[in-house]
Amino acid sequence: QVQLVESGGGLVQAGGSLRLSCAFSGSNLRIGTADWYRQAPGKQRELVATITNDGSTNYANFVKGRFTISRDNAKNTVYLQMNSLKPEDTAVYYCNADAIDYSSGYWRGKYWGQGTQVTVSS
């Protein structure tokens with residue numbers, strides 16, 4: 001079964017940093033274009049950052065200059081480095097990624113991870 005797995009969440013004080021990771025587990029799939037989303041309690045899920053196959057990136061205004069999305073194709077992993085964290089960054093963070101078959105190069109769907117909790121204390 002294909003699973004997209006996030007890790008790296010936790011509790012941090014305001015001004016601190018965390019790095020989230022996202023990777024496919026147990027499959028012959030690599031990550032194509034990937035997004036990080038977040039959802040705070042009582043709020044809608046919102047797009048945080050995007051990275052394409054060729055490494056182009058885009059950020060929501062509320063994280064520009066603080067968060068960096070990157071990818072390590074050798075490890076088939078996408079990261080979200082979060083610096084200067086604020087209490088309002090508290091949310092469950094989700095990875096959403098295109099799955100590309102390693103062998104054929106065909107697109108095999110878009111998957112969501114289970115989410116990882118980030119809590120920033122003031």
Side-chain angles (χ1 to χ4, degrees):
Q1 184 178 357
V2 176
Q3 281 190 311
L4 191 61
V5 180
E6 302 109 333
S7 62
L11 173 65
V12 64
Q13 288 188 333
S17 298
L18 285 173
R19 188 177 78 159
L20 307 182
S21 300
C22 170
F24 279 112
S25 174
S27 68
N28 191 39
L29 300 173
R30 66 172 181 84
I31 294 178
T33 293
D35 308 298
W36 283 100
Y37 286 79
R38 70 186 187 184
Q39 188 166 19
K43 295 188 176 181
Q44 287 190 331
R45 193 170 296 190
E46 57 186 1
L47 179 62
V48 175
T50 298
I51 188 164
T52 64
N53 268 313
D54 64 1
S56 298
T57 59
N58 196 33
Y59 298 91
N61 286 335
F62 53 79
V63 302
K64 278 183 180 177
R66 299 189 299 125
F67 290 11
T68 301
I69 190 170
S70 63
R71 64 191 305 145
D72 184 336
N73 291 331
K75 295 182 179 180
N76 196 26
T77 301
V78 169
Y79 303 98
L80 185 68
Q81 177 68 42
M82 305 185 294
N83 298 328
S84 303
L85 282 161
K86 306 175 181 179
E88 51 264 44
D89 293 317
T90 295
V92 178
Y93 283 71
Y94 297 91
C95 184
N96 182 239
D98 286 329
I100 309 298
D101 188 281
Y102 266 116
S103 301
S104 66
Y106 291 154
W107 180 80
R108 294 300 185 193
K110 202 164 183 70
Y111 291 84
W112 285 96
Q114 81 288 353
T116 184
Q117 177 70 46
V118 171
T119 303
V120 184
S121 63
S122 57

Could you tell me whether a side-chain N or O of [X] sits under 3.5 Å from a main-chain N or O of [Y], the two making a donor and an acceptor?
X    : Y   : answer
Q3   : S25 : no
E46  : R38 : no
D98  : T52 : no
Q114 : V5  : no
R71  : I31 : yes
Y59  : I69 : yes

Check against side-chain contact (heavy atoms from CB on, under 4.5 Å), V120 and E88: CA-CA 8 Å; V120 184; E88 51 264 44; over 6 Å; no
Write down the atom of [X], the atom of [Y], and the distance for their closest heavy-atom approach.
X    : Y    : value
G105 : I100 : O-CG2, 3.5 Å
S122 : P87  : CB-CG, 3.8 Å
A23  : N76  : CB-O, 3.7 Å
F62  : L47  : CZ-O, 3.7 Å
G113 : Y94  : O-CD2, 3.7 Å
S21  : T77  : CB-CG2, 4.1 Å

Parallel, tilted or perpendicular: ring planes of Y93 versus F67, cut at 30 and 60 degrees: tilted
Other residues, nucleotides, ligands: >12 heavy atoms within 6.0 Å of K110 NZ: yes
OH (Y102) with more than 12 external heavy atoms under 6.0 Å: yes
side-chain contact (heavy atoms from CB on, under 4.5 Å) between L4 and C22, intermediate numbers included: CA-CA 7 Å; L4 191 61; C22 170; 3.6 Å; yes
Single hit among D35, N96, N58 for side chain to side chain donor-acceptor pair (under 3.5 Å) with T50: D35
Heavy-atom side-chain contact between E6 and V92 under 4.5 Å: no
Intermediate values then yes/no, side-chain contact (heavy atoms from CB on, under 4.5 Å), L20 and M82: CA-CA 8 Å; L20 307 182; M82 305 185 294; 3.8 Å; yes
Geometric cation-pi criterion, R45 with Y37: 6.0 Å, 45°: no
Distance-only side-chain donor-acceptor flag, N28 / R108, under 3.5 Å: no
